[in-house]
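First up is the structure itself, then whatever we jot down about it.
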Amino acid sequence: MRKILVTGALGQIGSELTMGLRKIYGNDNVIASSRRIKEGHEDLMESGVFEIVNVTDGKQLAEVVRKHKVNTIIHLAAILSAVGEEKPALAWDVNMNGLYNVLEVAREENCAVFTPSSIAAFGDSTPKDNTPQDTIQRPNTMYGVTKVAGELLCDYYYHKFGVDTRGVRFPGLISYETLPGGGTTDYAVHIYYDALKNKKYTSFIAKGTKMDMMYMPDALDAITKLLEADPSKLIHRNAFNVTAMSFEPEEIAASIKKIIPEFELDYDVDPVRQAIADSWPNSLDDSAAREEWGWDPKYDLDAMTKDMLEKLKIKLGL
Ligand code: VAH
């Protein structure tokens with residue numbers, strides 16, 4: 001039976017993944033961890049074990065893994081793209097030293113490791129449309145550098161030490177439970193909140209900027225499916241391109257207008273996050289994930305919009 005430790009368990013992915021994993025593997029088999037306790041996660045804190053873990057402290061991480069006899073680490077703690085450009089040294093420390101600590105503990109304690117990469121692992125010289133699974137990766141953000149290095153480090157620990165490492169390159173993730181923290185694709189989450197609260201949204205990403213996106217239920221499905229996939233069929237292992245849709249701000253606005261006809265979108269572009277978005281692909285080729293472990297997203301843009309607006313109306317008491 002898997003005994004899973006989730007790092008970054010109070011973040012945008014971790015908060016939903018932890019609850020989903022507890023439904024699959026049992027509350028007692030999923031230990032949530034975070035650098036600090038945050039408000040608003042009562043269900044998660046009450047439904048199973050929570051530990052304070054700063055992934056840059058390898059000793060603390062090892063103690064928790066041994067204490068709970070963990071055999072699987074889902075490593076989500078990371079600094080995202082926009083914050084990574086404000087604080088590159090912090091992004092390097094958390095994203096690289098944190099991952100190194102996770103892989104070292106996994107090697108010593110015989111744990112499997114899942115950790116996500118990102119479309120940020122690609123840069124301006126990468127083919128932008130239908131970006132191949134195997135292609136040039138020269139990102140120009142610190143976040144992207146740590147994602148490419150992380151992919152290589154996970155491959156190294158698999159080939160050198162036999163650590164069962166697996167991962168996907170996530171696109172922008174959209175969800176209603178926990179707000180994202182400091183990303184470039186966050187506009188595609190905030191637009192739904194503002195559509196309900198103000199019937200308008202001012203986008204920090206420019207008109208015409210296409211990026212790959214995915215609704216959180218599909219992201220959680222990707223993690224659990226890859227985690228349980230037959231290892232003999234995995235060729236790529238640590239960096240599968242996965243995507244569910246690709247859109248630009250005008251397209252998500254049009255989808256919202258089908259439900260909120262009076263919704264209006266305007267722009268106040270943030271040059272830092274626009275430059276990051278411009279360096280990323282317009283659309284990914286996710287055929288390797290489909291062939292090697294049955295990746296098959298369920299939500300398109302309109303299905304996501306319908307569910308997001310329904311769930312946020314309840315969450316916001318509107
Ligand atoms: C970010 N949401 O914007 C993250 C993600 C592909 C985007 O890695 O930094």
Side-chain angles (χ1 to χ4, degrees), residues 7-8 10-17 74-88 90-92 94-96 98-99 114-124 126 128 131 137 139-151 167-193 203-206 209-216 218-220 222-223 238-249 252 269-286 289 297 304 308:
T7 72
L10 302 185
Q12 183 194 15
I13 304 174
S15 56
E16 293 196 50
L17 180 69
I74 298 184
H75 177 48
L76 303 175
I79 301 294
L80 297 183
S81 59
V83 173
E85 288 311 288
E86 283 169 39
K87 303 173 183 170
L90 176 68
W92 179 266
V94 173
N95 295 4
M96 292 318 302
L99 176 59
F114 175 97
T115 192
S117 180
S118 160
I119 60 173
F122 299 117
D124 271 327
T126 303
K128 291 235 181 275
T131 301
Q137 293 179 255
N140 59 0
T141 63
M142 176 55 90
Y143 177 65
V145 167
T146 68
K147 286 299 162 185
V148 175
E151 291 179 11
V168 297
R169 291 177 184 135
F170 271 138
L173 298 182
I174 289 118
S175 64
Y176 58 85
E177 285 287 353
T178 305
L179 282 167
T184 298
T185 58
D186 298 1
Y187 92 90
V189 177
H190 297 303
I191 193 169
Y192 288 110
Y193 282 79
S203 172
F204 58 73
I205 293 294
T209 309
K210 282 183 84 72
M211 285 190 275
D212 284 281
M213 300 283 182
M214 186 185 296
Y215 196 28
M216 187 61 79
D218 279 329
L220 305 185
I223 296 173
N238 278 304
F240 285 96
N241 286 356
V242 287
T243 186
M245 58 192 99
S246 170
F247 56 72
E248 58 124 319
I252 189 170
V269 175
D270 169 7
V272 172
R273 284 182 285 189
Q274 186 60 39
I276 295 172
D278 287 342
S279 73
W280 290 351
N282 298 325
S283 61
L284 291 188
D285 169 4
D286 63 0
M304 174 173 73
M308 273 293 281

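Atoms within a ligand are numbered from 1 in the order they appear, just like the ligands themselves.
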So which of Ser81, Gly181, Ala188 gets nearest to atom 9 (O) of ligand 1, if we judge by its closest heavy atom? Ser81
Assess, by modelled atom type and distance only, whether the side chains of Glu16 and Thr178 contain a donor and an acceptor separated by less than 3.5 Å. no
Contact check: Ser118 vs ligand 1, nitrogen or oxygen atoms, below 3.5 angstrom: yes
Taking both backbone and side-chain atoms of Tyr143, is any N or O found less than 3.5 Å from an N or O belonging to ligand 1? yes
Identify, for atom 2 (N) of ligand 1, the protein heavy atom at the shortest distance, and state residue, atom and that distance. Thr185 OG1, 3.1 Å
Parallel, tilted or perpendicular: ring planes of Tyr187 versus Phe247, cut at 30 and 60 degrees: perpendicular
Closest non-hydrogen atom pair between Val145 and Pro139, with its separation: N-CG, 3.8 Å
Can you name the nearest heavy-atom pair linking Leu80 to Gly182, along with the distance? CB-O, 3.5 Å
Could you give the distance from CE (Met214) to CD1 (Ile119), rounded to the nearest 0.5 Å? 10.0 Å
Pairing residues for Asp286 by the salt bridge (Lys or Arg N to Asp or Glu O under 4.0 Å) criterion, not counting sequence neighbours: Arg290
Heavy atom of Pro180 under 4.0 Å from ligand 1? no
Of all the atoms in ligand 1, which lie at a distance below 4.0 Å from a heavy atom belonging to [X]?
X	result
Thr184	1 (C), 3 (O), 9 (O)
Pro171	6 (C)
Leu80	9 (O)
Ile119	6 (C)

Only one of Ile174, Leu17, Ile13 passes side chain to side chain contact (heavy atoms under 4.5 Å, CB included) with Met216, and that residue is Ile13
Pairs meeting criterion salt bridge (Lys or Arg N to Asp or Glu O under 4.0 Å) with involvement of residues 271-283, two or more places apart: Asp270-Arg273
At under 4.0 Å between heavy atoms, which part of Phe170 makes contact with ligand 1: side chain, backbone, both or neither? backbone
What part of Ala82, side chain, backbone, both or neither, has a heavy atom within less than 4.0 angstrom of ligand 1? neither
